[in-house]
Every structure is written in C-alpha cells, then in structure tokens.
Amino acid sequence: MNDISRDIDPAIIDRFAAIVGDKYALRDQQDIAPYLTERRGLWHGRTALVLRPGSVDEVSRIMQLATETGTPVVPQSGNTGLVGAQVPDTSGRQIVLSLSRLNRIREIDVLSNTVTVEAGVILQTLQEAADAADRLFPLSLAAQGSCQIGGNLSSNAGGTGVLAYGNARELCLGVEVVLPTGEVFDDLRKLKKDNTGYDLKNLFIGAEGTLGVITAAVLKLFPKPKGREVAFAGLSSPEAALSLFSLAMDRAGAALTAFELIGQRPYDFTLLHAPGVVRPLSGDWPWYVLMQISSGRSAEDARALIEEVLSAGLEQEIVGDAVIAASIAQGDAFWSFRELLPEAQKPEGASIKHDISVPVAAIPQFIEKAAGAVQTAISTTTSPGRSVAMTRRFSGSITP
C-alpha cells in the first residue's frame, strides 16, 4: 500500500471502503490522480481514498463515519472549478467524496416545469433531457460537458444565461442534502410560491459543500424559445458596450438573454490557438460583444428585435460593425468561440480568472482600474517580453 495511507488509519480507510464496496473505494494512486488536480493544474492535493457512493444512504453513512472519526471530507463533482476548492489539501488527512455515480434524472414534470435530478448529473445531460421534453434548462457554462449539478449549485454558478434567468440559486426550488452528522435534509419541493418559514435551501447553495453535501435538487424548466438570434459586434470601448446594453434592454427587454463583452487580447488568442474557429468579424476591434435575443413568439420576432437593436447601435455610432448569425449552425459557432476563450489562453502562459460582481454602470470604470492594478502588480514579477493574459468579459455573471 502507498505510503500516503499512513496519513489516515488503515482501519478507518477500510471502514469507509466497506460502505461503498472496494470497486468504488479508490486507493491506488493512479486511479486517484484525476481527483487531486484542478482543471488548470495549479493546485495539487493528496489523499489515500476517493469514495464514489451510489446512493444517498451511502453518502449518509460516509458522513456519519467521518463525523465519528474526525475525518475531513472534500465533496467533488465534475472537478471543473478554477479556484481549487474541490481538491484535497496536501496533508493527506482528507478523503474525497465524488458524487459522479449519483447521476439519475429522477423526474421531469412538464406541467410544473420542474426537473428533479441527482447531484452527479452532468449539466449537458440535463440540458439535452430538458430539450427532449420540449423545455429549456438555461444554465450554460463552458464546462457543461463535464461539470455536474451538485457543483453548479454548491458554487452558485452563473454562466451565460444569468442575465435572463439568474444564477443557479434562482433556478433551484428545493434540495436534498446530507448533513455532516449523516442526517438527510429533504427539501425537494416543486413550489414556486412557498412562504412557509425559512428558505433553508439557500444555506447550502453557494456554500461550497461546507455545510452539507447536496445529493439532489428540484430545478426550474422554461418553455423553449421559438426564435433565437445571435450576433457578434465590434466596438471601441466598454463604455460603448454599456450603451449598447442599455439600448438592447430598452428595445428587447426580457428577450435579451445574453450579452457578453470580450476584449481584443483573448479574442485574438482564440483565433490563434483554438482549432477550427472562424473569425466572426472581418475587421479588428478593441472590444467585441456577443449578444443573443430569444423570442417566445417566433423566429421572425427575434430577428426583428436584434436587427432593430443593431441598426440603432450603428446609427448612433455605438457599434462599429456587426454580423447576425445566418443560421443556427453559425449561431452555435459564435457561442463555441466564446466557450473556447479560457482554453485558448493556456498556450500564452499565465492568466487571471475572476468572477466579480459590480453594478452594471460601474463595469467600464472597474475594467480600467482593475487592468491598471494588475499591470502594476505583475510588472515587477514578470520577466521582460512576457505578459499576463487578461480575459475581460462582461456578462450576466457581473451582478447588478
């Protein structure tokens, strides 16, 4: 047995392993390795054991034993986070609790517009299941092919749809949580109107697993839009983007379902390093906006709205150039460009990730001050000729 096992009493390891069975109690360091490093490879942990329970009862027994033995537990979903919270520390005293086997979609209730899912369901799997039921689950992230619902809720994920639909917190009606004592808090409610006392689910959403392990949730579904239009625009400044945002909100209202600001540097990195991408605009601009308008009435309505917004933006000289996707495939390609932004930075070296909430009106000023502060901070730590890639992104995840 590997020397790391000495950090935890082998007898305790055996007791944990007995709960899930040897097949789902990973002890070999080669099997454990994928659970010990976060997505960017910046943080590495140590553990003697990764547990992969297949039921809420097994999670309950694991947490009860962890409390009894004083064993720290690190819950982990898809391991797609960028801040290292999902990997164990280097002490070797913590065990990893992977929720990936809790991956059932328990129910889709079309009449209630809800879906009940377990924590290990992959976000894209949920999106596809909702689509098959002629519904929309609007949470959308670059990591949606591997991130899991438990992690989305535990981190209160925002994503590209937050402008219209809110963070993960706003998409959740109820949760099932295993507490540190092993008790199961069952709050899987479908009620949109619920005025019965404390809203305890919000203690666990965004708590990063510190108060309990989310094992299932009831989430909101929405009618699928009958029309969707996506556009790429080139602009001179964040101030121009703010003016375009105000214009779009005024003309399109709730139909404006996404609005993202992309800086020239990450845009150029994506063109340079991401395979198969096509340049959205023929010319180069200091800033770009990716905008989506969705209509519940018709495709024609969505098209008319986005044309109205962009025409006004061009007439008012807010927008320098713009293109509306000519097909669903081109619209998807625009979104693929956006989703490839983080990965395209890797070949350029260091990058700074952030998820910051400021009032919308303060975004241009924040970008200017933050960029200056970062440039000052790195000027004494970066070797000559090198630069730090900053992703400048304006989206609904910047909270008003």
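These figures come from a predicted structure and were not determined experimentally. Just so you know, these numbers use all the heavy atoms, side chains as well, and skip hydrogens, waters and symmetry mates.
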Inset, instruction - Measure the spacing between CZ of Arg169 and CZ of Phe204 and express it to the nearest 0.5 Å. - result: 12.0 Å
Legend entry - Phe222-Phe137 aromatic ring centre distance below 6.0 Å: no
Legend entry - No-hydrogen, no-angle side-chain donor-acceptor test under 3.5 Å, Glu343 and His273: no
Inset, instruction - Report yes if some heavy atom in the side chain of Gln148 is under 4.5 Å from a heavy atom in the side chain of Val121; otherwise report no. - result: no
Legend entry - Short side-chain donor-acceptor distance under 3.5 Å, Ser100 and Arg52: yes
Legend entry - No-hydrogen, no-angle side-chain donor-acceptor test under 3.5 Å, Gln64 and Glu68: no
Inset, instruction - Would you please say whether a donor-acceptor pair under 3.5 Å links the side chains of Gln127 and Gln144? - result: yes
Legend entry - Heavy-atom pair of closest approach, residues Cys147 and Leu141: SG-CD1, 3.9 Å
Legend entry - Candidate pair Gln264 and Asp284, rule side chain to side chain donor-acceptor pair (under 3.5 Å), full reasoning: CA-CA 8 Å; Gln264 184 175 12; Asp284 294 325; 5.1 Å; no
Inset, instruction - Measure across Asn202 and Asp199 and return the closest heavy-atom pair with its distance rounded to 0.1 Å. - result: ND2-OD2, 3.0 Å
Legend entry - Co-membership, hydrophobic cluster, residues Val56 and Ile149, 4.5 Å side-chain: no
Legend entry - Common cluster, Leu51/Val73, ILVMFWY with side-chain heavy-atom separation under 4.5 Å: yes
Inset, instruction - Measure from the side-chain N and O atoms of Ser154 to the backbone N and O of Glu208, and report whether any donor-acceptor pair falls under 3.5 Å. - result: no
Legend entry - Test side-chain contact (heavy atoms from CB on, under 4.5 Å) applied to Thr116 and Ile108, Ile105, Val218, the passing residue: Val218
Inset, instruction - Taking atom CZ of Arg297 as the centre, report whether more than 12 heavy atoms of other residues, nucleotides or ligands fall under 6.0 Å from it. - result: no
Legend entry - Within one Ile-Leu-Val-Met-Phe-Trp-Tyr cluster: Val177 and Leu191, side-chain cutoff 4.5 Å: no
Inset, instruction - Might you confirm whether atom NZ of Lys23 has over 12 heavy atoms from other residues, nucleotides or ligands at distances under 6.0 Å? - result: no
Inset, instruction - Count the heavy atoms of every other residue, nucleotide or ligand shown that sit under 6.0 Å from CD of Glu368, and state whether that count exceeds 12. - result: no
Legend entry - Pairwise distance CD1(Ile12) to OG1(Thr69) - rounded to 0.5 angstrom: 4.5 Å
Inset, instruction - May I ask whether Leu310 and Phe259 are part of the same hydrophobic cluster, defined by side-chain heavy atoms of I, L, V, M, F, W, Y residues being less than 4.5 angstrom apart, directly or through others? - result: yes
Inset, instruction - For Ser243 and Glu239, test the side chains for any donor-to-acceptor distance below 3.5 angstrom and give the result as yes or no. - result: no
Legend entry - Side chain proximity check, Val230 to Gln330, heavy atoms < 4.5 angstrom: no
Legend entry - Arg46 side-chain N/O to Ser91 backbone N/O, donor-acceptor pair under 3.5 Å: yes
Inset, instruction - Please confirm whether the backbone N or O of Ser112 pairs with a side-chain atom of Asp109, one donor and one acceptor, at under 3.5 Å? - result: yes
Legend entry - Considering all heavy atoms, the nearest Ile318-Ala240 contact: CG2-O, 3.1 Å
Inset, instruction - Could you check if a side-chain atom of Val110 sits within less than 4.5 angstrom of a side-chain atom of Arg135, using non-hydrogen atoms only? - result: yes
Inset, instruction - May I ask you to check whether over 12 heavy atoms, not counting those of Lys224, lie within 6.0 Å of atom NZ? - result: yes
Inset, instruction - Check whether any side-chain heavy atom of Ile19 sits under 4.5 Å from a side-chain heavy atom of Leu65, and report yes or no. - result: yes
Legend entry - Hydrophobic cluster (4.5 angstrom, side-chain heavy atoms) - remaining members for Leu111: none
Inset, instruction - With salt bridge (Lys or Arg N to Asp or Glu O under 4.0 Å) as the test, would you mind laying out the steps for Arg15 and Asp9 before giving the verdict? - result: CA-CA 10 Å; Arg15 291 178 66 188; Asp9 187 338; over 6 Å; no
Inset, instruction - Mind checking ring-ring contact (aromatic ring centres under 6.0 Å, His included) for Phe337 and listing every partner two or more places apart, or none if nothing turns up? - result: Phe232, Tyr267
Legend entry - Spacing of Leu139 atom CG and Leu123 atom CG [to the nearest 0.5 Å]: 5.0 Å
Legend entry - Residue pair Leu211 / Leu179: nearest heavy atoms and the distance that separates them: O-CD2, 4.1 Å
Legend entry - Nearest-0.5 Å distance, CH2 of residue Trp287 to CG of residue Leu261: 5.5 Å
Inset, instruction - Could you tell me whether the side chain of Lys226 reaches within less than 4.5 Å of the side chain of Ser295, counting heavy atoms only? - result: no
Inset, instruction - Kindly indicate, with the supporting measurements, whether the criterion side chain to side chain donor-acceptor pair (under 3.5 Å) is fulfilled by Gln94 and Thr47. - result: CA-CA 6 Å; Gln94 301 176 342; Thr47 189; over 6 Å; no
Legend entry - Whether over 12 other heavy atoms sit under 6.0 Å from Ile328 CD1: no
Legend entry - Test item: side-chain donor near acceptor, Gln292 and Thr257, under 3.5 Å: yes
Inset, instruction - Using the test side chain to side chain donor-acceptor pair (under 3.5 Å), find all partners of Asp187 that sit at least two apart in sequence or belong to another chain. - result: Arg189
Inset, instruction - Please tell me if the side chains of Pro223 and Leu136 come closer than 4.5 Å, counting only heavy atoms from C-beta onward. - result: no
Inset, instruction - Mind running side chain to side chain contact (heavy atoms under 4.5 Å, CB included) on Asp14 and Arg27 for me, showing each step along the way? - result: CA-CA 10 Å; Asp14 289 341; Arg27 309 192 203 197; 2.8 Å; yes
Legend entry - Smallest separation among heavy atoms of Leu305 and Ala252, with atom names: CD2-CA, 4.2 Å
Legend entry - Side-chain donor/acceptor of Ser336 to backbone N/O of Asp332, under 3.5 Å: no
Inset, instruction - Rounded to the nearest 0.5 Å, what's the gap from CG on Leu247 to CD on Glu315? Could you check? - result: 10.0 Å
Inset, instruction - Determine yes or no for a side-chain-to-main-chain donor-acceptor pair under 3.5 angstrom, with Ser246 supplying the side chain and Leu242 the backbone. - result: no
Inset, instruction - Grab the two heavy atoms, one from Gly151 and one from Ser77, that are nearest each other, plus how far apart they are. - result: N-OG, 2.9 Å
Inset, instruction - Using the rule that two of Ile, Leu, Val, Met, Phe, Trp, Tyr join whenever any of their side-chain heavy atoms come within less than 4.5 Å, decide whether Leu219 and Ile122 are in one cluster. - result: no
Legend entry - Over 12 foreign heavy atoms within 6.0 Å of NZ, Lys369: no
Inset, instruction - Using modelled atom types only, decide if a donor and an acceptor are shared between the side chain of Gln86 and the backbone of Gly78 within a distance under 3.5 Å. - result: no
Legend entry - Under 3.5 Å: donor-acceptor pair, side chain of Asp194, backbone of Thr196: yes
Legend entry - Non-hydrogen side-chain atoms of Thr71 and Ile95 separated by less than 4.5 Å: yes
Inset, instruction - Indicate whether any N or O donor in one side chain lies under 3.5 Å from an N or O acceptor in the other, for Gln76 and Ser98. - result: no
Legend entry - Steps toward salt bridge (Lys or Arg N to Asp or Glu O under 4.0 Å) verdict (Glu107, Lys190): CA-CA 11 Å; Glu107 179 194 43; Lys190 296 182 183 180; 2.9 Å; yes
Inset, instruction - Mark yes or no for whether Glu118, through its side chain, and Asn103, through its backbone, hold a donor-acceptor pair below 3.5 Å. - result: yes
Inset, instruction - Taking the side chain as every heavy atom from C-beta outward, state whether Leu256 and Leu163 have any pair of such atoms under 4.5 Å apart. - result: yes
Legend entry - Asp321 side, atom CG; Trp285 side, atom CH2 - distance, nearest 0.5 Å: 6.0 Å
Inset, instruction - Answer yes if the side chains of Glu183 and Thr181 hold a donor-acceptor pair under 3.5 Å, and no otherwise. - result: yes
